[in-house]
Amino acid sequence: MRKWNYQEALAQFFTSPVQSNAPEEHLVISREKSVIAQVLRKYKNPSFKLQSPLNVQFLSSNALELGVDAGGPTTAYFFYLMQDLMRGSFNGIQLFQGEAGHLVPSVDYDLVSSCFFGIVGKMIVHSFLHQCRGLAGLSPAVISYIISGTRDTVLEYLVVDDVPDPCLREILNEVKV
């Protein structure tokens with residue numbers, strides 16, 4: 001099985017990294033609420049520029065935390081955002097299924113038809129543009145699909161552990177032997 005160099009593969013898509021001379025995008029994030037719920041409108045808005053520098057401030061107990069965003073608050077923001085995506089803590093919706101290293105998108109008609117995964121993709125790309133990790137734990141098959149855009153490459157990376165249902169995974173392992 002071939003291993004992906006994720007940073008190298010994604011780097012070819014980034015023709016314009018964060019533009020330091022562009023106007024900043026301001027985000028005020030409450031520590032008491034879901035990060036996804038707070039920023040969903042921003043990512044849906046076509047005028048939200050992923051390449052603009054971020055100025056993130058955190059709000060706790062209804063008071064702005066003191067500090068200047070010299071990179072720490074932005075990194076923390078993306079960490080919390082990716083954690084919310086993995087946990088699927090957006091209004092109780094489970095966005096991904098399976099185990100760490102083999103997470104696959106949930107098969108939910110409402111999520112797919114609403115293009116929610118396109119917005120999730122923007123969030124992940126935004127994290128990479130700001131030199132953060134992105135969403136750790138995705139299946140290599142899913143990553144190969146995101147990078148290539150074709151289903152043919154998925155087959156090379158697909159393994160039984162990518163099946164989120166443990167009962168079905170057990171049956172497939174029995175049949176495989």
Side-chain angles (χ1 to χ4, degrees), residues 4-98 100-101 103-106 108-139 142-143 145-149:
W4 279 106
N5 180 339
Y6 306 114
Q7 278 95 10
E8 186 180 305
L10 286 170
Q12 67 184 333
F13 293 100
F14 300 139
T15 56
S16 57
V18 175
Q19 301 165 348
S20 57
N21 58 348
E24 289 182 334
E25 292 285 352
H26 296 275
L27 294 176
V28 177
I29 305 297
S30 171
R31 292 193 185 272
E32 285 86 32
K33 298 177 185 172
S34 163
V35 177
I36 297 172
Q38 295 176 70
V39 298
L40 190 57
R41 274 202 175 121
K42 283 267 192 194
Y43 285 96
K44 282 182 171 181
N45 186 339
S47 69
F48 183 67
K49 303 287 184 226
L50 299 182
Q51 294 88 358
S52 293
L54 280 179
N55 182 8
V56 177
Q57 288 185 288
F58 284 96
L59 185 68
S60 50
S61 303
N62 294 326
L64 279 177
E65 296 176 5
L66 295 178
V68 175
D69 189 353
T74 294
T75 301
Y77 158 69
F78 284 117
F79 174 79
Y80 295 130
L81 179 62
M82 296 303 122
Q83 290 296 310
D84 273 4
L85 289 175
M86 273 185 49
R87 281 191 292 253
S89 60
F90 176 65
N91 293 341
I93 298 171
Q94 186 176 2
L95 300 172
F96 295 93
Q97 297 177 322
L103 292 174
V104 295
S106 295
D108 182 322
Y109 177 77
D110 292 332
L111 286 174
V112 174
S113 66
S114 69
C115 299
F116 195 79
F117 284 113
I119 295 166
V120 168
K122 279 178 86 172
M123 293 173 179
I124 295 168
V125 166
H126 196 205
S127 136
F128 277 113
L129 284 173
H130 288 272
Q131 295 158 356
C132 295
R133 264 186 82 150
L135 187 62
L138 286 177
S139 160
V142 172
I143 293 169
Y145 178 74
I146 291 169
I147 292 171
S148 70

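Note that the structure is a prediction, hence the values are computed from the model and not measured. The first residue in the sequence is number 1, and the count goes up from there.
Counting only heavy atoms from C-beta outward, the side chains of Ser30 and Gln38 approach each other to under 4.5 Å. Within the 4.5 Å cutoff, side-chain heavy atoms of Val120 are placed close to those of Phe96. Between Cys132 and Phe79 there is no side-chain heavy-atom pair separated by less than 4.5 Å. Inter-residue side-chain proximity for Leu81 and Val39 is flagged as met; some heavy-atom pair is nearer than 4.5 Å. When side chains are defined from C-beta on, Leu103 does not count as touching Ser139, because their heavy atoms never get closer than 4.5 Å. Taking 4.5 Å as the limit, some side-chain heavy atom of Leu54 sits within range of a side-chain heavy atom of His130. Phe48 places none of its side-chain heavy atoms less than 4.5 Å from the side chain of Arg41.
Within a 6.0 Å radius of CD in Gln131, other residues, nucleotides and ligands contribute 12 heavy atoms or fewer.
Note: Lys122 NZ to Tyr43 OH = 9.0 Å, rounded to the nearest 0.5 Å. The structure places CG of Leu50 at 10.5 Å from CE of Met123, a figure rounded to the nearest 0.5 Å. To the nearest 0.5 Å, the span separating CZ on Phe117 from CG on Leu111 amounts to 5.0 Å. Expressed to the nearest 0.5 Å, how far CD1 of Ile124 lies from CZ of Phe78 amounts to 11.5 Å. Remark: Phe128 CZ to Leu135 CG distance equals 8.5 Å, nearest 0.5 Å. Expressed to the nearest 0.5 Å, how far CZ of Arg87 lies from OG of Ser34 amounts to 9.0 Å.
In this structure, Glu32 contributes its side chain and Ser60 its backbone to no donor-acceptor pair below 3.5 Å. Remark: the backbone N or O of Gln94 is paired with a side-chain donor or acceptor of Ser106 at under 3.5 angstrom. A donor-acceptor pair is defined here as one N or O able to donate and one able to accept, closer than 3.5 Å; no such pair exists between the side chain of Asn55 and the backbone of His26. Side-chain N or O atoms of Asp84 include one that pairs as donor or acceptor with a backbone N or O of Val35 at under 3.5 Å.
Taking both residues in full, the closest heavy atoms of Pro53 and Pro23 are given as CD-O, 3.9 Å, listed atom of the first, atom of the second, then distance. Here the closest heavy-atom approach between residue Met82 and residue Ser127 is recorded as CE-CB, 3.9 Å.
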task = Please lay out, stage by stage, how Val56 and Ile29 fare under the test side-chain contact (heavy atoms from CB on, under 4.5 Å).
result = CA-CA 7 Å; Val56 177; Ile29 305 297; 4.3 Å; yes
task = Quick one: do Glu65 and Gln57 satisfy side-chain contact (heavy atoms from CB on, under 4.5 Å)? Show the steps, please.
result = CA-CA 7 Å; Glu65 296 176 5; Gln57 288 185 288; over 6 Å; no
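In summary, of the residues considered (Leu40, Asp110, Asp108), a side chain to side chain contact (heavy atoms under 4.5 Å, CB included) with Phe116 occurs for Leu40 alone.
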